[in-house]
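Let me begin by presenting the structure, written as structure tokens, before commenting on it.
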Amino acid sequence: MADFYPYKETEEKWHKVWETDHTFKFKNDGRPKYYVLEMFPYPSGYLHMGHVRVYCIGDVLAHYRRMQGFDVLHPMGYDAFGLPAENAAIKNKVHPADWTYKNVNHARGQFKKMGISYDWDRELATCDKEYYKWNQWLFIKMFEKGLAYRKKMPVNWCPSCETVLANEQVQDGKCWRCESKVAQKDLTQWFFKITDYTQELLDGHKLIEKGWPEKVIAMQQNWIGKSTGVEIFFKEADTQAPINVFTTRPDTIFGATYIVLAPTHPQVEEIKKRVEAAKVKEIEEFQAKVKKMDITVLTMVSMEKEGVFTGAYAINPVNGNKIPVWIGNYVLMDYGTGAIMAVPTHDSRDFVFSKKYKLPMILVIQPEGKEIKVEEMETAYEGGGKLVNSGQFNGEENIAAKEKIADWMETSKIGKKKINYRLKDWLLSRQRYWGTPIPMIYCEKCGVIPEAEKNLPVELPRDIEFTGKGNPLETSKSFVNCKCPKCGGAAKRETDTMDTFVDSSWYFMRYCDNKNNNEIVNKTIAENLLPVDQYVGGAEHSCMHLIYARFFTKVMRDMGLIKIDEPFIKLLTQGMVHKDGNKMSKSKGNTVSPDDMIEKYGADIARLFMLFAAPPMFDLEWSDEGVEGASRFVNRLWRKMIENMENIKKINGDYEYATLTDSQKKLARKVHQTIKKVTKDIEVEQQFNTAIAGMMELYNVFSATELEVNKPNEAKLLKFVTSNFTLLLAPFVPHFAEELWERQGGTGSVFFQKWPIADEKLTVEDSIELVVQVNGKIREKIQVAMNTSQLETEKIVFASERLKEWLVGKEIVKKIYVPNKLYNIVIK
RNA sequence: GCCGGGGUGGCGAAAUGGCAGACGCAGCGGACUUAAAAUCCGCAGGGCCUUACCCGCCCAUGUCGGUUCGAGUCCGACCCUCGGCACCA
């Protein structure tokens with residue numbers, strides 16, 4: 001009967017020790033710090049495998065740095081505000097707070113069972129009033145600096161839930177909760193002025209590009225959407241009223257044959273006052289039609305371009321041409337100026353539109369080689385060429401002319417160079433209960449003013465009945481009615497709460513000083529602990545959370561609270577966990593419960609499988625057989641490691657390499673090679689699967705090597721192998737390694753041992769198999785000593801009988817020698 | 001349409017321009033066992049040659065071309081797939 005690794009007792013034992021010893025506490029003892037952070041979870045019931053995966057990845061990195069002598073800060077908390085808690089309240093009549101804290105407790109239990117090396121003294125939940133107080137404090141500071149403001153805007157509105165929805169909560173034009181059709185509604189909402197930082201958010205990428213996946217930076221750039229162009233000042237022909245358009249193609253200005261306004265453009269209302277009744281009716285019918293349609297974003301692309309002529313004309317400022325002003329469904333009010341100049345010859349959208357409504361076209365770019373005739377065009381020509389019909393710019397290369405025309409427009413005051421961004425200000429108010437109350441007060445006398453700092457936090461009231469109708473906070477009289485902090489008169493509170501992305505935009509700073517009741521974070525402490533050296537999380541947060549957190553960092557820096565420019569030096573984005581080819585999810589019914597896994601195999605085996613099955617950034621395909629495999633490896637290793645444990649406990653001193661047998665030498669070298677490989681795989685490649693594969697190879701060599709423990713030198717070698725192997729295993733299978741470390745007589749926790757360093761000399765083999773090729777094809781393999789000279793190698797190569805067959809009667813053209821690798825003979 | 005990944009055995013995956021498939025899973029054969037499980041040992045990309053074996057050869061990293069003594073890796077075109085953005089002017 002084979003021995004099995006007693007995972008249950010071992011894991012329980014070490015959990016207790018780690019807890020009582022505060023093994024993973026940030027010591028603050030002056031060693032260099034290393035801050036490892038994984039994105040904290042939303043505590044919706046149970047942690048799933050996707051969570052477990054991120055935390056295991058982060059834990060490997062935390063343990064590794066710890067063993068390298070860093071004082072590691074590795075905290076965990078809960079992103080605890082959000083809609084699911086409120087939905088549970090509506091459905092099951094539990095208070096969101098009770099529901100949430102129950103889940104938090106369960107999640108904490110799961111973390112502890114996984115044995116992740118957190119500093120539990122730093123735990124926080126964003127729904128704690130000690131936490132959200134600082135959300136409110138920050139909000140007020142931002143309000144004072146003009147970075148938080150109120151504006152009326154069309155927003156997504158669910159008529160059934162009676163609440164505003166975030167863009168990401170609108171799916172196919174329907175509410176994610178009740179599936180009713182989402183409408184647009186003009187509402188006054190709170191915004192953060194993230195657009196003040198747009199260019200810095202782009203520039204900041206330079207500071208982090210070495211540590212972040214290229215993909216995430218590209219996604220952020222895409223999201224921010226910088227485009228450089230010119231705003232051109234058109235004027236209405238009759239009234240001289242300005243109509244500004246934004247274009248990235250000033251080189252095509254002479255080809256503009258009409259203007260298209262967004263249906264909601266303010267100038268449309270002005271035009272309506274002047275045109276005849278039939279026209280007004282036509283315009284209004286079109287406006288109504290577009291308003292009804294514009295919500296289902298997905299259909300936008302395929303939607304047919306439509307428009308109506310407004311009856312008004314504009315003057316093209318470059319040539320005085322009188323061109324019609326249209327409104328169209330393909331022009332968006334919230335990008336650029338909400339108006340475009342249409343150049344049908346060189347823009348595919350304008351081309352389609354003008355064909356449909358038989359609008360005129362002027363060609364202004366003629367490509368090299370083939371002459372284009374307007375009458376024969378079937379699509380817009382969007383390539384380059386020489387300008388024609390373009391006044392003084394005729395004959396210029398269009399690309400070069402862009403800048404020239406822009407300059408000319410600026411000097412002749414008919415346009416202005418402009419940079420446009422896709423990024424909008426951040427709408428942060430929500431008409432929901434389970435979030436941070438926005439700490440603003442409406443006083444009839446004093447206006448909109450912030451709550452006094454000494455009165456923070458503005459606490460969420462308990463006296464709420466959750467019906468799913470309306471804004472819950474509005475129903476609490478004790479909450480709404482308050483005193484004006486300025487004049488002391490009766491006033492009303494803001495009843496909207498903050499988007500939960502606010503909570504997660506600075507939580508990593510609060511971990512540094514989570515118990516501070518006087519400051520959001522102490523300046524000196526923040527200076528010592530920030531930034532986060534290694535962040536781990538899902539790529540799905542590339543554009544929301546990771547941009548918001550960068551924004552907050554810059555805002556807080558400008559407030560003098562912290563000194564860093566970027567919050568996360570290195571970012572690792574891990575792939576999703578799949579099963580049977582699908583994303584693991586409750587709705588697909590293909591979930592695997594972490595609790596069950598831990599029960600059946602223990603935490604270490606579950607970890608080992610997940611780290612081995614795929615590199616962190618790949619999606620991971622779950623495999624029950626794979627877990628079995630990991631389990632077999634751990635048990636095999638266990639047997640091998642404890643086999644002679646008692647005998648080596650008392651052994652001290654280094655083994656002597658020279659007197660070992662060949663296979664023992666091979667084992668010694670393998671240890672050094674594995675140290676080198678595992679170190680590189682963790683630190684450079686962040687590829688844990690190959691690190692584990694390397695350790696499996698080490699096991700294979702280890703188990704194939706005969707060692708006699710009663711021979712002192714061999715016992716010393718065994719001790720060397722065992723201890724180094726244990727150290728390498730520690731970040732991956734922490735309980736297992738801690739137990740082995742204790743059993744071999746190690747002192748202290750394995751996590752405070754020095755990470756081993758490979759002896760370079762011993763990482764190389766003493767002889768290698770040299771590949772001999774003829775014309776690039778392998779024809780022979782020869783065993784030669786390491787670093788055999790080219791001359792010596794040649795002698796051996798040409799002595800080969802087998803090779804002679806290939807060379808007979810041929811002329812040798814060239815010989816290529818790659819030391820310790822290959823010898824290639826090129827023949828004719 | 002634009003941007004960014006990715007396409008390698010039955011499967012998850014490895015490979016500073018230098019032996020493709022490390023490591024593992026599943027599979028097959030054997031040992032142990034009354035038997036099975038567990039464990040241990042061994043085989044293992046496809047094809048051809050061969051009675052069979054060894055040996056040997058040929059073909060193989062999405063497709064087609066190129067650079068190179070040599071390409072999974074570099075270059076060009078294309079196909080498929082995943083993710084993001086998308087009437088953004």
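Each chain gets a letter, A, B and so on, in the order its sequence line appears, and its residues count up from 1. These values consider heavy atoms only, across backbone and side chains, with no hydrogens, waters or symmetry-generated copies.
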In Watson-Crick or G-U wobble terms, with both distances under 3.5 Å, the base opposite B:G83 is B:C3

Find the distance A:Ile217:CD1 to B:C85:P and express it as a whole number of Å. 17 Å

Considering only side-chain heavy atoms of A:Arg422, which listed nucleotide, B:A86, B:A14, B:C23, is closest? B:A86

Looking at side-chain heavy atoms only, is the closest gap between A:Leu822 and A:Ile778 below 4.5 Å? no

Please work out if A:Gln773 contacts a base, only the sugar-phosphate, or nothing of the nucleic acid, heavy-atom cut-off 4.0 Å. base

With hydrogens left out and only the distance checked, is there a donor-acceptor pair under 3.5 Å joining A:Lys814's side chain and the base of B:C69? no

Atom CD1 of A:Ile778 to atom P of B:A71: distance rounded to whole Å? 12 Å

What is the distance from CD of A:Glu382 to P of B:C87, rounded to the nearest Å? 16 Å

Please give the distance between the C1' atoms of B:G1 and B:C58 as a whole number of Å. 45 Å

Using the side-chain heavy atoms of A:Ile340, tell me which of these nucleotides is nearest: B:G4, B:C85, B:A89. B:A89

Just to confirm, is there a sub-4.0 Å distance from OP1 or OP2 of B:A89 to any side-chain nitrogen or oxygen of A:Ser227? yes

Under 4.0 angstrom between A:Arg779 side-chain N/O and B:C57 OP1 or OP2: yes

A:Leu770 has an atom CG; how far is it from atom P of B:C19, in whole Å? 11 Å

To the nearest angstrom, how far is A:His578 atom NE2 from B:U81 atom C1'? 13 Å

Rounded distance in Å - CD1 (A:Ile547) to P (B:C85): 11 Å

Should A:Lys777 be listed as having a side-chain N or O under 4.0 Å from OP1 or OP2 of B:C59? yes

Calculate the interatomic distance between A:Lys821 atom NZ and B:G17 atom P; express it in whole Å. 10 Å

Looking at A:Phe702, does the NZ or CZ of A:Lys640 lie under 6.0 angstrom from its six-membered ring centre and within 45 degrees of the ring axis? yes

Hey, are the side chains of A:Thr247 and A:Ile232 touching, using non-hydrogen atoms and a 4.5 Å cut-off? yes

Can you check whether any acceptor in the base of B:C69 is under 3.5 Å from a donor in the side chain of A:Asn824, or vice versa? yes

Using modelled atom types only, decide if a donor and an acceptor are shared between the side chain of A:Asn775 and the backbone of A:Ile827 within a distance under 3.5 Å. yes

Can you tell if the side chain of A:Tyr357 reaches within under 4.5 Å of the side chain of A:Lys305, non-hydrogen atoms only? no

Do A:Lys417 and A:Glu231 sit within salt-bridge range, that is, some charged N less than 4.0 Å from a carboxylate O? no

B:A26 phosphate, OP1 or OP2, under 4.0 Å from A:Arg632 side-chain N/O: yes

Check whether any side-chain N or O of A:Lys215 sits under 4.0 Å from OP1 or OP2 of B:G5, and answer yes or no. no

Check every strand shown and say whether A:Pro213 touches a base, only sugar-phosphate, or nothing at a heavy-atom separation below 4.0 Å. nothing

Tell me the partner of B:C48, counting only Watson-Crick (N1-N3 plus N6-O4 or O6-N4) or G-U wobble (N1-O2 and O6-N3) with both under 3.5 Å; none if nothing fits. B:G56

Think A:Arg639 forms a cation-pi with A:Phe4, using NZ or CZ under 6.0 Å from the six-ring centre and within 45 degrees of its axis? yes

For B:C32, what is the paired nucleotide under Watson-Crick or G-U wobble rules, both distances under 3.5 Å? none

Of the nucleotides B:C23, B:A14, B:A89, which one has an atom closest to the side chain of A:Tyr335? B:A89

Which of these nucleotides, B:G84, B:C59, B:A15, is closest to any side-chain atom of A:Gln687? B:A15

Using both distances under 3.5 Å as the test, list the Watson-Crick or G-U wobble partner of B:G27, or none. B:C43

Can you tell me the distance, in whole Å, between the CG atom of A:Asp334 and the P atom of B:A86? 11 Å

Taking only N and O in the side chain of A:Asn700, is any of them less than 4.0 Å away from OP1 or OP2 of B:G24? yes

